[in-house]
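Below, chains carry the letters A, B, ... as their sequence lines are ordered, and counting in each starts from 1.
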2 protein chains.
Amino acid sequence: MTIDPRSHTPVYVQLADLLRERIEAGELAPGSALPSEARMTQEYGVGREAVRMSISLLRSEGLVNTVRGHGTYVRELPQRRQVEVPPGASVVARMPSGRERRAMQLDEGVPVLEIRDAKGDVEVLAGDEVELTRPA
Amino acid sequence: MTIDPRSHTPVYVQLADLLRERIEAGELAPGSALPSEARMTQEYGVGREAVRMSISLLRSEGLVNTVRGHGTYVRELPQRRQVEVPPGASVVARMPSGRERRAMQLDEGVPVLEIRDAKGDVEVLAGDEVELTRPA
DNA sequence: CGAGATTTGTGCGTATGTATC
DNA sequence: GGATACATACGCACAAATCTC
């Protein structure tokens, strides 16, 4: 698989697809660093903007995490703790607002779960730390 | 509220905050177009890169949707249908992979819900179309 | 159908700031 | 202090997609 600048799918989407494959194949293991921006512009023959946008896309998918002045790393996903959905409750998944994300110290690309119980009380949980359950 | 280039919070984050406020206030209604990149660079006195990064941020939050050669639009959120969590099931919220996003025709910034029932069968649902429920 | 206007996508150059080693 | 690398920000130019006339 390689990058075709004349394709109708944007270059940065193609590059993100390539990197995603390498991550999901385990070639880029959790905790390991992605190649630097400069390297990727050379290796893939694309512009810096394309590299940066592809990384931004992977961040929004929760796949990688960028540390300023250090590099971009494949995210290690925290173990999910089990949370029971209370009887009579409803749950909605959505992306956090910028304010919420900063307040809850969430990485980019991490959804939240909004649990509204029978009394109408609302609780917001980090979506990557939780596995909802309903007992049999 | 205005943009301060000397602030420690990046210009594009400030701009995204401004636009988010205008969207949540209803000033930029669902389905309506945001000002073009060129307009915003003039109106807010910032560079195009800052404008594009702020829009990218809003996309990752599921607030807007960009169509090339046309514009960026405030997303119209579909009505959520209620889905009951089966007894003995577990649910995980995450961002879709690129492949999933295209297959399910999801906009950027839309999480998915992965429901694993008691038999181990897995179902993936668009997170913005669903409200999970557990009967009392 | 084509022509032109508008808008986003891409690439590149440059500069400054900041974090890490 | 210096080297490296990423973050932010501005500028310009052209390509490609879309719409209108």
> Inspect the contact between A/R134 and B/D117 and indicate whether a charged nitrogen and a carboxylate oxygen are less than 4.0 angstrom apart.
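Salt bridge absent between B/D117 and A/R134.
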> Between atom OH in B/Y44 and atom P in D/dA9, what is the gap in whole Å?
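Checked: the OH to P distance equals 16 Å.
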> Could you tell me whether B/R116 and B/D121 make a salt bridge, using a distance below 4.0 angstrom between a side-chain N and a carboxylate O?
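A salt bridge is absent here (no side-chain N lies under 4.0 Å from a carboxylate O).
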> Given atom CD1 of B/I3 and atom P of D/dC10, what is their separation to the nearest angstrom?
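Rounded to whole Å, this separation is 9 Å.
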> Taking the side chain as every heavy atom from C-beta outward, state whether B/M95 and A/L63 have any pair of such atoms under 4.5 Å apart.
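They are not in contact (no side-chain heavy atoms under 4.5 Å apart), so the answer is no.
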> Protein within reach of the bases, or only the backbone? For nucleotides 1-8 of chain C, mark each nucleotide 5' to 3' as B, S or -, using heavy atoms under 4.0 Å.
------BB
> Determine yes or no for a side-chain-to-main-chain donor-acceptor pair under 3.5 angstrom, with A/Q82 supplying the side chain and A/V130 the backbone.
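Not confirmed, A/Q82 side chain does not pair with A/V130 backbone.
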> B/S90 vs A/E131, test: side chain to side chain donor-acceptor pair (under 3.5 Å). Steps then yes/no.
CA-CA 6 Å; B/S90 65; A/E131 177 183 2; 2.9 Å; yes
> Would a distance-only check, ignoring hydrogens and angles, find a side-chain to backbone donor-acceptor pair under 3.5 Å from B/Q14 to B/T9?
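A pair under 3.5 Å: yes.
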> May I have the distance from B/E49 (atom CD) to C/dT10 (atom C1'), rounded to whole angstrom?
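My rounded result for the distance is 12 Å.
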> Round to the nearest Å and state the distance from A/L15 atom CG to C/dG11 atom C1'.
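About 14 Å, once rounded to whole Å.
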> Starting at atom CZ of B/R6, determine the distance to atom C1' of C/dG17, rounded to an integer number of angstrom.
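That distance rounds to 16 Å.
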> Which comes earlier along DNA chain C counting from the 5' end, the contact point of A/M53 or that of B/H8, where each point is its nearest nucleotide?
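Going by which nucleotide is closer to the 5' end, it is A/M53.
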> Please determine if a side-chain N or O atom of B/Y12 lies less than 4.0 Å away from the OP1 or OP2 oxygen of D/dA9.
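No, outside the criterion.
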